[in-house]
2 protein chains.
Amino acid sequence: MRMSELSGATGIPVATVKFYLREGLLPAGTPISATSAVYDGTHVERLRLIRALIEGAALSIAQVRRVTQTLDNPPDTWHGMLGTAQSVLCGPADEGVETAPADALLRRLGWAVGECSPARADLARALARLDAGGISVSPQDLDGYAASAQAAAVIDVAALPTDTPEAALRRAVVGTVLLDNVLIALRRLAQEDVSARTFAGRRTSGAATGAAIAETSRSTG
Amino acid sequence: MRMSELSGATGIPVATVKFYLREGLLPAGTPISATSAVYDGTHVERLRLIRALIEGAALSIAQVRRVTQTLDNPPDTWHGMLGTAQSVLCGPADEGVETAPADALLRRLGWAVGECSPARADLARALARLDAGGISVSPQDLDGYAASAQAAAVIDVAALPTDTPEAALRRAVVGTVLLDNVLIALRRLAQEDVSARTFAGRRTSGAATGAAIAETSRSTG
DNA sequence: ACAACTGGACAGTAACACTATCCAATATTG
DNA sequence: CAATATTGGATAGTGTTACTGTCCAGTTGT
């Protein structure tokens, strides 16, 4: 197919397709003459992926480029797959962040994570921002959140395809990023459910005890 | 304190403080003359909150304004608190999204969520983008992710302060948004841990069976 | 008196993700 | 074969967002 058909098949304007080609997100088509090239199903698929990452996961062009470059150039260990997936979303290496709370939490959990893992810095940053926002979370609650995250991670890893490295990489990179949104939405919905069962119509003047909340919450499992 | 001191206390430039005042994110100081006003600790706290939401949770100015307006004007039911927190992050009401998968999942879970809950639309969108990105997730895995999200939500609701509505609202709004990042970082780290235990050094040429993955994962709980 | 500072208005900037215009070379059509 | 349309590449422009810089009248401190 020609570029205009590619555009028609995906709903993405030709000018934007050219832009993605220029930015290296979309591989060039196979040239059939000096001024023409043809595209195929892989280009349609790649374009859909680019839109899902940009619109859905709010990745920047540079981050999408890292994803697509990784897809075109996979690492050779299974463990490297998820590491690559993570490096896509890592923030800049902030030196001024207090890493002690994050380090303490990870030590308590006993997780096997690298000292320089980008996600470790992200955790430190996120905890620092909780503090800046005036939110305090008890160590017990943090452990609970960690257990919840681990349950998701176990599903993530078990769902990795084991047939081809390409499939595993795609799943690791794209699934990790796009499933973030699913998990966030599910957490909001679960909050609504738990909150409804706990506080059903209660006015803010009434006080709910932690025990009552826990009791009501337990019944929703 | 004067505006320049407020700026010094938070590290935010005076011009930016003026901008936040103009945008209605920061309440005006109490005027002491026709051209001067004084600010206090609540303004410092509010500025730190604004920065945490903008830098940490990547909220837009408009979303931060919704948060601060809600903080200044709280709803009067406990359940409304979390609903308000959720409406802050809801995307636009997209009509063209396939809601059937999200509805099916929620029906299966039996959660008490409103038909028009913004998070429901967000879930539908996120699932649609998974599809567009070429990622398929089994119903069992979705149920697993939902259980993980619910575990987090139970902690969220139990951690709501019950003394004053203001504290509860602040926790609901700010904590929900800022804890998203903590949960995402924890999921990445847990992936690294689970992946390390499952695939330790294995090359992509070797095949790992789902049973082996599940077995290894179980030992990490 | 007089420089310094204050807060408000308004225009300017930088980054980002496109989007529109132009162009030479080629394809298509009558 | 001539006229027209289309292609891909280069380049410049647009709209949005979150600030940031400049100016100014009024007020404050010395």
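Model, not experiment: these values are computed from the prediction.
- Across the protein-nucleic acid pair, A:L25 atom CG and C:dC18 atom P stand 9 Å apart, rounded to whole Å.
- Rounded to whole Å, the distance from OH on B:Y39 to C1' on C:dC5 is 13 Å.
- Residue-level contact check: A:R51 touches the backbone only, with heavy atoms under 4.0 Å from sugar-phosphate atoms and none from bases.
- Nearer to the 5' terminus of DNA chain C, by closest-nucleotide assignment, is the contact made by A:S60 (compared with the other of A:K18 and A:S60).
- Between A:L49 and A:R170, some side-chain heavy-atom pair lies under the 4.5 Å cut-off.
- In this structure, CZ of B:F19 is placed 16 Å from P of C:dA11, rounded to the nearest angstrom.
- Taking atom CD1 of A:I61 as the reference point, atom C1' of C:dA15 lies 13 Å away to the nearest angstrom.
- In terms of heavy-atom proximity, B:A112 sits nearest to A:A196 at O-CB, 4.3 Å.
- Judged by closest nucleotide on DNA chain C, B:A28 is the one of A:R2 and B:A28 placed further toward the 5' end.
- Test A:R46, A:H43, A:R51 against A:Y20 for side chain to side chain donor-acceptor pair (under 3.5 Å) and you get one pass: A:R51.
- Between the side chain of A:E23 and the main chain of A:R65, no donor-acceptor pair closer than 3.5 Å is present.
- Note on B:R22: a base of the nucleic acid sits closer than 4.0 angstrom, heavy atoms only.
- Here chain B contacts DNA chain D (any atom closer than 4.0 Å to a heavy atom, that is under 4.0 Å), and the contacts span D:dA18 to D:dT28 from 5' to 3'.
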With side-chain hydrogen bond (donor to acceptor under 3.5 Å, both in side chains) as the criterion, how do A:T176 and B:R188 come out once you've worked through the C-alpha distance, each side chain's angles and the decisive distance to 0.1 Å? CA-CA 8 Å; A:T176 295; B:R188 300 273 192 286; 5.6 Å; no
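- Between the CD atom of B:E23 and the P atom of C:dC10 there is a distance of 14 Å, rounded to whole Å.
- To the nearest 0.5 angstrom, A:L123 atom CG is 12.0 Å from B:I184 atom CD1.
- Of the residues near DNA chain D, B:A62 and B:S33, the one whose nearest nucleotide (by heavy atom distance) lies more toward the 5' end is B:A62.
- In the model, B:R2 has a side-chain atom that pairs as donor or acceptor with a side-chain atom of B:S36 under 3.5 Å.
- For the pair B:Y20 OH and C:dG7 C1', the computed distance is 18 Å after rounding to whole Å.
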